[in-house]
Structure formats: C-alpha cells, structure tokens
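Read through the structure below, which is laid out as structure tokens, and then see the notes.
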Amino acid sequence: MTPVLLILWAGALTYPILAAPACSRPPQVPFATVDVFKAEYNVGEEITYQCNPGYIARSGSRKYICPLSGRWPSILLTCIPRKCLYPGPLVNGNIQHTDLSYPNSVNFSCDPGYNLQGPKTSHCQADGQWSAKLPQCQPVICPPPPVSEFSALLYHRFKPGNISVFQDKIKFDCLSPLALIGNEIAFCQADGSWSAIPECRRVECPRPQEIENGFINFALRRSFIYKDTVSYGCNDPYVLEGPVDSRCEKTGQWSAKPTCRASCQIPVKRATVLYNDQKVKVQDHLQNGIRHAETIWFFCKNKEHHCSYTAPAQCIDGVLTPPECFKERSWFASVFKTDIADLTPCENIN
Ligand SMILES: *[C@@H]1O[C@H](CO)[C@@H](O)[C@H](O)[C@H]1NC(C)=O
Ligand SMILES: *[C@@H]1O[C@H](CO)[C@@H](O)[C@H](O)[C@H]1NC(C)=O
C-alpha cells in the first residue's frame, strides 16, 4: 500500500465520527421534489428543491445546507400551481370553470340555438397553456322554407347560399289575390325548425250589406274576394258616419258598414243663432235645418246684467234640442224688442 492510499483509508474510517450529527430526511414541500433525496445528509451538504411541473416557486429559498446542528432550517419554499389565462370569451356560449390553474379543466357549452364545434373540455397544462383550443358555437341551420304558395320570401338577412340560421326571419307574402293567414314572419328556431309558416288562402266575402238612407257603389260581380272594396254614400240630406270605403278582409268580413245619419229641423220659429261663426236668422237661413253632427249656438239672456251669452245645440241623427236657457219670443217681441243676439255679450261686461 502506498502512503497516499493509506491516508485516504484512515480518513474514511474516521469520517463518520467527525461528521456527526448529520441531517435526516428533509421536510416535504407540497408540489416540490428535492434533487438528492436520501435518509441522511452530512453537515455542509446542500439540497435544492424544485417545484414540480405545473407549479412555480412563490416564496422562500430553494437551496438549503445541512447545518452543524444536524437539523434542517425551516423550509420556507412554497410552490403554487401555474395559472392559465381565461380561455374565453366563447361567443354565444359559456365556459364553465371553477379554477383556471393547473391541472384543472374548463367545460364548454353553447347557448340554445348554437352547436358546439370543437372540444367540450380543455385542461390547464403544466406549461400554462390550455390543452385544446377554444371551440366555436355555430348557429343551428334551418332547412329552406317552403315556397310554392308564396309569391315572395323576403330574407331579412342575406347569407351566402341563402342559408337560414337560428334567429333568422323570413317574411312571407301570398300571390295575389290569396290572403295570408297566420303570422307573415317566421323565425328559424333553436331546434332547427321554422316557427309557424303562414298559409295562403282564397277568401270570399258575402255581398256587402245595404245601408238605410244610403247606397253602395260597386262593380257588378258574382263574388267578392280579399282586398275588394266598395264605397258607401248617403241620400241627401243624410250624412255618412264611419268610413266611406269598406274592404273585404282576410276574415271574410267587410271592414266597415257605415251609417247614414239624419239632419235636424230647428225646432223654433224665430231666433238668431250662430252657425259656422255667422249670426243667422233661423227663419231666413236654416229652414232646411242642419246636418248630422253640426252645431248651432243659441243666444240666451242674462237678466241680471242685461247681457247675452251663447249655448250650443248639436244635431244628433235628427234630434236637436235647444239649450234650456233659450226662450223663444213671440212674433211681437221679435219685431219690437231688441234681439237678444244684439245685447252686449256678457264676457265684455266689466
Ligand atoms: C365539466 O364536466 C364534467 C362532466 O360533466 C364535470 O364532472 C365537471 O365538474 C365539469 N367541470 C366544471 C369546471 O364545471
Ligand atoms: C337566394 O334567394 C334569392 C331570393 O329568393 C334567389 O333569387 C337566389 O337565386 C337564391 N340564391 C341561391 C344561391 O339559392
């Protein structure tokens, strides 16, 4: 044996005595591993903690040395999971998540009327990236709507190839003279079907009804169908109340049946009244009365202040009642006394 080897051998024998006390197993740090893990460490031996894949060191030192005391110092290192960025937003859909960090998953779902295209789930990987790329929510497609009985389909939104998708609207119109029964607008629904599609139907109306004291103008024909119109009129001096025109509606009924209203005789022999803002004498100008809905204003006397005021009377279908304050005068009084209509108007007093 050479002297050198002898010294090494002696050193190896004595070492355990000099090295005591030694450190035991280092404490476990959640989500971390130690580079050299064994049952016993010599004084001065260094260990390095390493966060596991998917975790990052947040605080504390990673390196520790076994001290003379043989007791590891308190290990302050903490490893926390790596966070992935929020993968959204998912347009027309929803991303279900509770925790966006490694190794958690998110789930993808679409709103009603949209189909998921792509993965249903994705997990946050150790490198901080999502395992799958964001899916898409594609709108449900509706089949082409039936067209045969319709003259026009007005697409509210044009798409390449005339594809109709969820929430698209179509407006229908029927070939004249067919009547559109139902809702003229249909929607592409979430389940890929159309909402109620209207119907085109031939609609007939009965002969329009005659009206009392009036007449109907219409072309002589065998039947009346949807959109045909007739017009009404009244014999003189009746006045039409209601619309002149009546139309055959989708319901098979006429839109209107007006009425002829009678004019009124003025039930006094002599009086000055206001008619169309003019003072006129009933006996001279209103012998034929007034028409339905017209109004005349009678003059009444305020005896206390010796002045005049007016009160209205309207003709309602042949009936006109003078106001209570009106007093008809005798022929004599009408000739020799001042006409009430010529007294000072009460609103001009004081
Ligand atoms: C994702 O969906 C699965 C299966 O339905 C469920 O077990 C899990 O809790 C969901 N995850 C989230 C974050 O909602
Ligand atoms: C789309 O619809 C319009 C109007 O209905 C029609 O004129 C056109 O030919 C259609 N195009 C295709 C590609 O079907």
Side-chain angles (χ1 to χ4, degrees), residues 24-39 47-64 72-146 155-171 183 185-197:
S24 56
R25 290 178 196 278
Q28 295 264 16
V29 171
F31 311 119
T33 42
V34 174
D35 56 348
V36 184
F37 192 68
K38 49 188 185 180
I47 54 168
T48 306
Y49 283 92
Q50 174 89 44
C51 290
N52 294 341
Y55 295 86
I56 49 173
R58 191 177 60 180
S59 61
S61 171
R62 292 172 52 218
K63 290 183 194 297
Y64 297 88
W72 290 107
S74 31
I75 310 289
L76 299 173
L77 176 75
T78 51
C79 290
I80 56 163
R82 199 185 273 276
K83 273 201 158 56
C84 280
L85 290 176
Y86 180 67
L90 180 59
V91 179
N92 297 314
N94 179 36
I95 301 176
Q96 266 184 297
H97 62 90
T98 44
D99 189 341
L100 293 177
S101 57
Y102 175 80
N104 294 294
S105 300
V106 293
N107 293 337
F108 303 111
S109 61
C110 290
D111 297 340
Y114 294 86
N115 292 327
L116 190 74
Q117 290 199 343
K120 290 179 89 146
T121 182
S122 179
H123 68 266
C124 180
Q125 302 178 125
D127 62 0
Q129 302 295 315
W130 291 104
S131 63
K133 75 181 186 46
L134 193 64
Q136 284 193 322
C137 289
Q138 296 284 4
V140 163
I141 293 175
C142 278
Y155 284 81
H156 284 207
R157 279 194 275 164
F158 282 95
K159 289 209 174 56
N162 288 348
I163 284 175
S164 299
V165 302
F166 176 55
Q167 282 179 334
D168 274 358
K169 291 188 239 173
I170 295 181
K171 190 176 174 187
N183 196 340
I185 292 174
F187 295 85
C188 175
Q189 303 179 120
D191 65 357
S193 70
W194 288 102
S195 63
I197 296 208

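All of these numbers come straight from a predicted model, not from anything done at the bench. We count ligands from 1, going down the list as the structure has it; atoms in each ligand are counted the same way.
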Open item on the list: Below 4.0 angstrom, counting only protein heavy atoms, does anything approach atom 5 (O) of ligand 1?
Closed with: no

- [ ] Please examine the side chains of Ile95 and Pro87, heavy atoms only from C-beta on, and report whether any two atoms are closer than 4.5 Å.
- [x] yes

Task: Those atoms of ligand 1 less than 4.0 Å from some heavy atom in Gln96 - done: 13 (C), 14 (O)

Task: 4.0 Å protein heavy-atom contact status of atom 2 (O) of ligand 1, strictly under - done: yes

Task: Stepwise side-chain contact (heavy atoms from CB on, under 4.5 Å) check, Ile56 with Cys51 - done: CA-CA 6 Å; Ile56 49 173; Cys51 290; 5.6 Å; no

Task: Closest protein heavy atom to atom 9 (O) of ligand 1, given as residue, atom name and distance to 0.1 Å - done: Asn107 ND2, 4.7 Å

Open item on the list: Quick check on contacts: which atoms of ligand 1 are under 4.0 angstrom from a heavy atom of Ser105?
Closed with: 13 (C)

Open item on the list: Does Gln138 have more than 12 heavy atoms from other residues, nucleotides or ligands lying within 6.0 Å of its CD?
Closed with: yes

TODO: Scan the protein's non-hydrogen atoms and note whether one is under 4.0 Å from atom 11 (N) of ligand 1.
DONE: yes

TODO: Take Asp191 and Val140 through the test side-chain contact (heavy atoms from CB on, under 4.5 Å) and record every step on the way to the result.
DONE: CA-CA 7 Å; Asp191 65 357; Val140 163; over 6 Å; no

Open item on the list: Once ring-ring contact (aromatic ring centres under 6.0 Å, His included) is applied, do any residues pair with Tyr55, and if so which ones, sequence neighbours excluded?
Closed with: Phe31, Tyr102

